[in-house]
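This report concerns only the one structure given below.
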Amino acid sequence: MYNSKITGLGYYVPDNIITNDDLSKMMDTNDEWIQERTGIKERRWIKKGSDDTTATMGAKAAKIAIERAGLTKDDIDFIVFATLSPDYYFPGGGVQIQDILEMPTIGALDIRNQCSGFVYGISVADQFIKTGMYKNILVIGSEYHSGGLDLSTRGRNVAVIFGDGAGAAVLSRTEDNSKGVLSTHLHSEGKYAEKLMVEGPSIRRWVPQLLEENNPEDISYYPYMDGQFVFKNAVVRFSEVIMEGLMTNNLKPTDIDMLIPHQANLRIAQFIQKKFGLSDDQVFNNIMKYGNTTAASVVIALTEAWEEGKIKDGDLVVLAAFGSGFTWASAVIRW
Ligand code: UT7
């Protein structure tokens, strides 16, 4: 019986920093509101004219993760790519990673689970490794939000939250069953799909229809979020899916050495921390610097926590995410 463990991690964020004060010049918002309601101080947005895209950022993060795993691109057997902001409507971004990194013609799977995408990706990769089909799998989360936000006051409840960036992990086969991914837990509730979504362009709001309507007030291609509703569901589902992971492994909240929650809102992470009685050292947050990078957020945070020496051999690491879909997920990992 094989197990999978994370052997390499990397992240890439654009160097263009957008502060809350910068945003207040674009729309009616202010630093105090944003920090108080979300915890965000600044985020990275791809500069207009830059060559960065969702795929190229993902490839940059992946390159670092592969090197840190002590592998080369030729050792990777499969790519799992999570994003809600792909370079193209189709094909997905996984094939671009294969091309940019000049990898052999290995399989590439795209995951569309928004904020839960990376944790779903870990679960998929874990199954492929546990069955013995693959040895080394690249799991990437990458988002280019800034090009698709409504930067007027109309879109402020969403625009101030999101940031651009990418992170990647290499999952590798191990025969030591005491280490690695212990379990993963995946959920969805599609009846709330329209609580956090982008409607068009899509089959429902297809381009010819949008062109025919030619309505400058049309906002169906900007992200829509019922913030309070999403918030209320997030705190419940985060708690449930973390507990589910712990109980599956006969563990309790105080056994957690490091909880990496999806960086949606600092208030959500603090609520979970308090509920489970965890100390500041047991929960990692970086939303202050990057905002919400959706599919990239968990893996960027995991990478930073590891780089800062906050995750050590033998630690119990829990990843948890909730977002559009709704989808939510957790992964329990013995480092
Ligand atoms: O990653 C996927 C999952 N996403 C989440 O989990 C996000 C969950 N939701 C949230 O984080 C919060 O709901 C937000 C941060 C999005 C909003 O915070 P809130 O405390 O729920 O604020 P609200 O939407 O209830 O708005 C409160 C007020 C409103 O004004 P009135 O009606 O009270 O006069 C808004 O118009 O704040 C106003 N407002 C703003 N003011 C300044 C909304 N956005 C802004 C803004 N700057 N950017």
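As the structure lists them, so they are numbered: ligands from 1, and atoms in each ligand from 1.
- Residue contacts with ligand 1, taken as heavy atom pairs separated by less than 4.0 Å, involve Ile161 solely via side-chain atoms from C-beta onward.
- A cation-pi arrangement is present between Arg173 and Tyr2, with the terminal nitrogen or guanidinium carbon under 6.0 Å from the aromatic centre and inside a 45° cone about the axis.
- Nearest protein heavy-atom contact of atom 9 (N) of ligand 1 is Gly227 O, 3.0 Å.
- Per-atom contact check: atom 34 (O) of ligand 1 does not touch the protein, criterion being a heavy-atom distance below 4.0 Å.
- Under the 4.0 Å criterion applied to side-chain N and carboxylate O atoms, Lys289 and Glu304 are assigned as salt-bridge partners.
- By the 4.0 Å N-to-carboxylate-O rule, Arg204 lies close enough to Glu194 to be salt-bridged with it.
- By the 4.0 Å heavy-atom criterion, Thr294 is excluded from the residues contacting ligand 1.
- For Asn157, heavy-atom contacts with ligand 1 shorter than 4.0 Å involve the backbone as well as the side chain.
- Contact check on Asp315 versus Lys310 returns no salt bridge, with no Lys/Arg side-chain nitrogen under 4.0 Å from an Asp/Glu carboxylate oxygen.
- In this view, Ser152 and Asp150 satisfy the side-chain hydrogen bond (donor to acceptor under 3.5 Å, both in side chains) rule, not counting sequence neighbours.
- In this structure, atom 19 (P) of ligand 1 has a protein heavy-atom contact shorter than 4.0 Å.
- Distance check: Ser123 OG to Gln127 CD gives 4.5 Å after rounding to the nearest 0.5 Å.
- Among the candidates Thr248, Asn249, Asp126, the single residue satisfying the side-chain hydrogen bond (donor to acceptor under 3.5 Å, both in side chains) test with Ser183 is Asn249.
- The hydrophobic cluster containing Leu149 does not contain Val198, counting ILVMFWY residues as joined when their side-chain heavy atoms lie under 4.5 angstrom apart, directly or transitively.
- Electrostatic pairing of Glu189 and Arg237 counts as a salt bridge here, judged by a charged N lying under 4.0 Å from a carboxylate O.
- The single protein non-hydrogen atom nearest to atom 25 (O) of ligand 1 is Gln228 NE2, 2.6 Å, given as residue, atom name and distance.
- The ligand atoms of ligand 1 that sit less than 4.0 angstrom from a heavy atom of Val160 are 48 (N).
- Protein heavy atoms all stay at least 4.0 Å away from atom 29 (C) of ligand 1.
- Taking a cut-off of under 4.0 Å to the non-hydrogen atoms of His262, the atoms of ligand 1 that pass are 1 (O), 2 (C).
- At least one heavy atom of Arg267 sits less than 4.0 Å from an atom of ligand 1.
- For ligand 1, the atoms sitting less than 4.0 Å from at least one non-hydrogen atom of Cys115 are 1 (O), 2 (C), numbered in the order shown with element in parentheses.
- What sits closest to atom 7 (C) of ligand 1 on the protein, heavy atoms only, is Met225 SD, 3.9 Å.
- For atom 1 (O) of ligand 1, the closest heavy atom belonging to the protein is Asn292 ND2, 2.6 Å.
- Remark: Asp15 does not engage Arg44 in a salt bridge, criterion side-chain N to carboxylate O under 4.0 Å.
- Remark: distances from the non-hydrogen atoms of Met27 to ligand 1 are all 4.0 Å or more.
- For Phe231, heavy-atom contacts with ligand 1 shorter than 4.0 Å involve the backbone as well as the side chain.
- Taking any N or O of Asn30, backbone or side chain, none lies under 3.5 Å from an N or O belonging to ligand 1.
- Electrostatic pairing of Arg205 and Glu213 counts as a salt bridge here, judged by a charged N lying under 4.0 Å from a carboxylate O.
- Checked against a 3.5 angstrom limit, the closest N/O atoms of Ser324 and ligand 1 fall outside it.
- Within the cation-pi definition used here (under 6.0 Å to the ring centroid, within 45° of the axis), Lys195 qualifies as a partner of Phe229.
- Considering backbone and side-chain atoms alike, Thr38 places every N or O at 3.5 Å or more from each N or O of ligand 1.
- Between Arg37 and Glu32, none of the side-chain N atoms (NZ, or NE/NH1/NH2) sits under 4.0 Å from a carboxylate O, so this pair counts as no salt bridge.
- If you number the atoms of ligand 1 from 1 as listed, the ones under 4.0 Å from a heavy atom of Ala264 come out as 1 (O), 5 (C), 6 (O).
- Near Arg37, meaning under 4.0 Å from one of its heavy atoms, ligand 1 places the atoms 19 (P), 20 (O), 22 (O), 27 (C).
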| request: Decide yes or no on side chain to side chain donor-acceptor pair (under 3.5 Å) for Glu42 and Asn20, but give the supporting numbers first. | output: CA-CA 6 Å; Glu42 58 190 42; Asn20 294 340; over 6 Å; no

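- Atom 47 (N) of ligand 1 has as its closest protein heavy atom Thr29 OG1, 2.6 Å.
- Of the candidates Thr293, Asp31, Asn265, Val235, it is Asn265 that places a heavy atom closest to atom 12 (C) of ligand 1.
- Of the candidates Phe238, Trp33, Phe162, Trp33 brings a heavy atom nearest to atom 44 (N) of ligand 1.
- Polar contact check, Val230 against ligand 1: no nitrogen or oxygen pair lies under 3.5 Å apart.
- If you check which protein heavy atom lies closest to atom 36 (O) of ligand 1, you get Arg156 NH2, 3.0 Å.
- Applying the 4.0 Å criterion to heavy atoms of Ile268 picks out, from ligand 1, the atoms 6 (O).
- With 3.5 Å as the limit, one finds a donor-acceptor pair spanning the side chains of His262 and Ser297.
- Taking Met288 as the reference, Lys41, Leu266, Asn285 meet the side chain to side chain contact (heavy atoms under 4.5 Å, CB included) condition, with sequence neighbours excluded.
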